[in-house]
Amino acid sequence: MAMLQVEDLCVDIPTAAGTLHAVRNVSFEIAAGETVCIVGESGCGKSLTSLTLMGLLPSKAKVRATRMSFEGHNLAVMRVRERSRLSGRRMAMIFQEPMTSLNPALTIGDQLCEAHMRHIAKGRDEAKKRAVFLLDRVGISGAATRMLQYPHELSGGLRQRVMIAMALMCNPSFLVADEPT
């Protein structure tokens with residue numbers, strides 16, 4: 001059985017010039033443990049498809065699908081609070097541009113620990129241990145020291161590795177990677 005099922009997904013975005021039909025009739029299934037790549041030219045809707053799955057589209061966007069389910073949950077009708085519990089814990093995303101995805105006012109450590117403390121409900125010390133472990137696993141040397149740094153203090157490559165570690169913090173069963181490297 002598929003972990004994720006998407007059938008006839010359409011995303012329309014109203015603009016001043018009319019409706020932008022950003023995603024049209026996209027269908028796919030992903031089983032547990034399977035890797036699927038969506039390939040296409042720039043502007044064809046790959047990122048919008050990913051953002052739709054994560055429930056991160058602008059409020060004006062109109063989403064239609066015959067089916068859009070994850071582990072039996074109907075994503076199309078899921079309330080914001082329910083979606084929030086699912087995202088981060090069971091589903092996570094590595095965003096394309098880390099500088100716009102990381103909060104410049106918070107340390108890397110604070111940002112990494114936030115989701116773990118929210119979804120896993122264990123103490124800050126355990127969240128810090130997990131964050132240091134993952135920073136090390138993604139190839140960031142001096143992980144404990146990096147936890148105290150702000151995004152602007154890191155190179156673009158290190159910021160991207162932080163985003164990968166952040167997506168893995170809650171050990172999700174489904175990971176969306178929107179051009180992560």
Side-chain angles (χ1 to χ4, degrees), residues 1-7 9 11 23 26-40 42 44-57 61 63 65 67-76 78 80-103 106 108-122 126-140 143 146-147 151 154 156-181:
M1 182 174 165
M3 173 183 280
L4 176 72
Q5 296 174 309
V6 176
E7 187 177 337
L9 173 65
V11 179
V23 176
V26 171
S27 299
F28 57 91
E29 289 187 355
I30 302 174
E34 186 175 24
T35 300
V36 173
C37 298
I38 299 176
V39 179
S42 181
C44 74
K46 301 179 301 290
S47 293
L48 278 173
T49 298
S50 298
L51 292 170
T52 301
L53 295 175
M54 298 303 295
L56 298 174
L57 288 178
V63 176
R67 170 179 280 160
M68 191 167 65
S69 66
F70 173 73
E71 294 182 337
H73 301 281
N74 185 346
L75 298 176
M78 195 173 273
V80 173
R81 180 169 278 180
E82 293 172 298
R83 192 61 162 291
S84 178
R85 274 187 243 136
L86 190 65
S87 297
R89 177 67 180 111
R90 304 291 300 143
M91 303 172 73
M93 183 167 175
I94 303 167
F95 295 93
Q96 192 174 129
E97 179 48 58
M99 200 54 190
T100 58
S101 302
L102 293 169
N103 185 334
L106 296 176
I108 297 303
D110 285 341
Q111 293 180 69
L112 284 166
C113 292
E114 179 183 359
H116 193 274
M117 291 176 1
R118 180 177 181 205
H119 293 288
I120 306 296
K122 295 185 179 173
E126 188 163 329
K128 283 182 180 180
K129 285 178 189 172
R130 174 94 175 135
V132 168
F133 169 76
L134 285 172
L135 288 177
D136 185 58
R137 291 281 294 159
V138 299
I140 295 179
R146 300 287 187 180
M147 294 274 290
L154 303 177
L158 287 178
R159 287 191 298 260
Q160 192 61 52
R161 290 172 190 231
V162 168
M163 292 300 301
I164 295 168
M166 188 177 295
L168 298 173
M169 278 297 291
C170 295
N171 198 26
S173 57
F174 182 74
L175 183 62
V176 175
D178 188 10
E179 297 184 36
T181 59

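When a residue number appears, it is its place in the shown sequence, counting from 1. Since this is a predicted model, take the numbers as computed values, not measurements.
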(message) Between R89 and R118 (side chain of the first, backbone of the second, donor and acceptor by atom type, cut-off under 3.5 Å), is there such a pair?
(response) no
So CD1 of I94 and CG of L168: to nearest 0.5 Å the spacing works out to 6.0 Å
* Asked: With distance as the sole criterion, is a donor-acceptor pair present between the side chains of S101 and R159 under 3.5 Å?
  -> no
Rounded to the nearest 0.5 angstrom, the CD1-CG distance for I140 and L158 is 5.0 Å
Walk me through it: do Q111 and V162 pass the test side-chain contact (heavy atoms from CB on, under 4.5 Å)? CA-CA 9 Å; Q111 293 180 69; V162 168; over 6 Å; no
*asked:* Is there a side-chain contact (heavy atoms from CB on, under 4.5 Å) between M166 and I108? Walk through the geometry before answering.
replied: CA-CA 9 Å; M166 188 177 295; I108 297 303; over 6 Å; no
Evaluate the side-chain contact (heavy atoms from CB on, under 4.5 Å) criterion for residues R83 and L75: first the C-alpha distance (whole Å), next the side-chain angles of each, then the deciding distance (0.1 Å), finally the verdict. CA-CA 8 Å; R83 192 61 162 291; L75 298 176; 3.7 Å; yes
To the nearest 0.5 Å, atom CZ of R67 lies from atom CG of N74 at 9.0 Å
If you count every heavy atom of other residues, nucleotides or ligands that lies below 6.0 Å from E71 atom CD, does the total exceed 12?
yes
dist K46:NZ -> C37:SG (nearest 0.5 Å) comes out at 12.0 Å
Within the 4.5 Å heavy-atom criterion, are L51 and V11 side-chain neighbours or not? no
Please lay out, stage by stage, how Q160 and V138 fare under the test side-chain contact (heavy atoms from CB on, under 4.5 Å). CA-CA 10 Å; Q160 192 61 52; V138 299; over 6 Å; no
When V23, V6, L57 are each screened for side chain to side chain contact (heavy atoms under 4.5 Å, CB included) with T52, the one that passes is L57
Rounding to 0.5 Å, atoms NE2 (H119) and CG (N171) come to a distance of 13.5 Å
*Any side-chain heavy-atom pair from F70 and S87 closer than 4.5 angstrom?*
no
dist C113:SG -> M169:CE (nearest 0.5 Å) comes out at 5.0 Å
